Amino acid sequence: MPLLVNGEPIDPAQPTRALSRAHPHLEEKAKLLRSQPARVVQPNGLLYVQQREFAVTTPEDGSVSILGSDDATTCHIVVLRHTGSGATCLTHCDGSDTEAEVSLIMSAVKSFSDPTGRGRLEVHLVGGFNDDRQLSQKLTNQLLRAFHLQPEELHLVTFCVTELNDREEKDIHFPIIYGIAVNVKTAEIFPATFPEKGPDEDLRSAHVLTGATLTNIYDAKTEELHIGPYFWRPFPYVDFWLEQDDKQILQETSYLQKK
């Protein structure tokens with residue numbers, strides 16, 4: 001089934017700006033989202049989602065009321081929600097295997113939804129900026145195409161990505177929104193920062209550094225965080241990297257240094 005905007009199928013290959021111009025309400029919603037100051041989300045009731053992780057839950061969850069993620073530059077944060085069941089998924093995508101990742105989160109949300117019940121599947125995309133290598137635009141198009149190829153009907157509701165999430169300062173481009181949160185009880189989505197990125201932030205970060213594929217970190221039925229087994233392979237040239245200062249490491253391993 002095609003990915004829809006206001007009931008109309010879209011062309012997933014078109015540039016970000018062309019899609020927003022064809023559907024002006026998407027640009028207006030992106031502008032409204034960008035205008036909101038980032039809220040500081042405290043850890044109580046929060047499940048923080050790191051890069052290459054996803055979590056899905058429902059409004060009935062007694063432990064988690066907020067899903068969130070940040071530190072996205074060229075990465076995109078995706079929220080997928082079923083309006084009938086309220087099942088909500090948040091993931092932090094980096095383009096490593098977008099089609100497989102979209103299939104995973106679709107299956108996760110559908111597992112909480114009654115296919116004969118009322119409601120629809122809604123997609124919210126936030127992140128990226130107008131980077132020189134066009135990595136953001138590539139990821140935007142990958143996500144649009146992956147959702148477009150799903151057998152279910154999907155509705156694109158929020159589209160604040162790439163050019164629509166870009167600001168320029170002294171001829172250097174930066175994202176406007178680095179992180180978002182979604183309230184699984186109310187479905188509100190808002191810009192956010194997170195003083196704490198746990199639980200078990202270091203252990204989960206190590207998992208990503210092993211080259212892990214997208215991982216579901218939460219069992220909403222038992223309300224438990226799950227971190228599966230993984231294996232650490234030798235890190236090449238570790239002695240060299242341990243001798244470098246923070247500035248050099250950031251310059252070599254991060255595409256964008258945030259101000």
Side-chain angles (χ1 to χ4, degrees), residues 38-58 61-80 87-98 100-109 111-112 124-128 139 143 175 177-184 189 191-236 238 241-242 246 249-250 252-256 258:
R39 302 184 207 172
V40 178
V41 180
Q42 299 300 331
N44 186 34
L46 165 70
L47 179 55
Y48 183 86
V49 177
Q50 296 189 19
Q51 187 173 335
R52 293 196 191 177
E53 292 183 342
F54 75 94
V56 58
T57 191
T58 69
D61 194 314
S63 301
V64 173
S65 55
I66 299 285
L67 298 173
S69 187
D70 65 355
D71 294 333
T73 52
T74 57
C75 292
H76 290 17
I77 300 170
V78 180
V79 174
L80 177 65
T88 303
C89 177
L90 184 143
T91 187
H92 186 135
C93 294
D94 60 8
S96 56
D97 192 355
T98 305
E101 292 169 353
V102 166
S103 294
L104 274 176
I105 65 172
M106 286 286 294
S107 296
V109 170
S111 71
F112 288 93
H124 307 264
L125 304 179
V126 180
L139 180 52
L143 285 165
I177 298 174
Y178 287 94
I180 62 167
V182 55
N183 186 317
V184 299
I189 295 173
T193 61
F194 309 89
E196 296 186 29
K197 303 177 189 288
D200 296 314
E201 177 185 359
D202 293 339
L203 182 62
R204 289 158 57 193
S205 296
H207 188 197
V208 172
L209 289 173
T210 65
T213 56
L214 188 71
T215 302
N216 185 359
I217 60 168
Y218 188 63
D219 185 339
K221 293 182 173 66
T222 61
E223 300 184 7
E224 293 177 331
L225 179 75
H226 281 188
I227 303 171
Y230 60 91
F231 302 93
W232 183 267
R233 295 175 180 168
F235 188 77
V238 65
W241 288 109
L242 288 172
D246 290 348
I249 291 173
L250 179 63
E252 295 297 329
T253 60
S254 177
Y255 180 72
L256 177 69
K258 292 191 292 182

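None of the values given here were measured: they were computed from a predicted structure.
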- prompt: Would you say the side chain of V64 lies within less than 4.5 Å of the side chain of E223, judging by non-hydrogen atoms?
  reply: no
side-chain contact (heavy atoms from CB on, under 4.5 Å), paired with L214, selected from L104, V102, D97: L104
query: Are the side chain of T215 and the backbone of T213 linked by a donor-acceptor contact shorter than 3.5 Å?
result: yes
query: Nearest 0.5 Å, what's the CD-CD1 distance between Q50 and I217?
result: 7.5 Å
- request: Find the distance between CD (E201) and CD (E196) and round it off to the nearest 0.5 Å.
  value: 9.0 Å
N216/H226 under side chain to side chain contact (heavy atoms under 4.5 Å, CB included): CA gap, chis, key distance, verdict: CA-CA 8 Å; N216 185 359; H226 281 188; over 6 Å; no
- line: CG of L225 to CG of D200, rounded to nearest 0.5 Å, is 6.0 Å
- request: Quick one: do K197 and D71 satisfy side chain to side chain contact (heavy atoms under 4.5 Å, CB included)? Show the steps, please.
  value: CA-CA 11 Å; K197 303 177 189 288; D71 294 333; 3.6 Å; yes
message: Within the 4.5 Å heavy-atom criterion, are C93 and T98 side-chain neighbours or not?
response: no
message: For G68 versus F194, what's the shortest heavy-atom pair and its separation?
response: CA-CZ, 3.6 Å
message: I need the D70 CG to I177 CD1 distance, nearest 0.5 Å.
response: 12.0 Å
query: Which pair of heavy atoms, one from I77 and one from S69, lies closest together, and at what distance?
result: CD1-O, 3.3 Å
task: Measure the CD1-CD distance between I66 and Q42 for me, rounded to the nearest 0.5 Å.
output: 12.0 Å
- line: Hits for side-chain hydrogen bond (donor to acceptor under 3.5 Å, both in side chains) against S111, two or more places apart or cross-chain, chain-then-number order -> none
task: Could you walk me through whether V56 and Y218 pass the side chain to side chain contact (heavy atoms under 4.5 Å, CB included) test, one step at a time?
output: CA-CA 7 Å; V56 58; Y218 188 63; over 6 Å; no
- prompt: Residues in side-chain hydrogen bond (donor to acceptor under 3.5 Å, both in side chains) with S65, at least two apart?
  reply: none
field: Distance-minimising heavy-atom pair for P175 and A72
entry: CG-O, 4.3 Å
message: According to salt bridge (Lys or Arg N to Asp or Glu O under 4.0 Å), who are the partners of D61, at least two apart in sequence or on a separate chain?
response: none
message: So does P43 get a backbone contact from the side chain of Y48, meaning a donor-acceptor N/O pair under 3.5 Å?
response: no
message: So which atom in L67 and which in T57 form the shortest heavy-atom distance, rounded to 0.1 Å?
response: CD1-CG2, 4.4 Å
field: Test side chain to side chain donor-acceptor pair (under 3.5 Å) applied to E53 and R204, H207, H92, the passing residue
entry: R204
- request: Measure the spacing between CG of L139 and CG of D94 and express it to the nearest 0.5 Å.
  value: 8.0 Å
field: Criterion side-chain contact (heavy atoms from CB on, under 4.5 Å) against V79, the qualifying member of T88, V126, T91
entry: T88
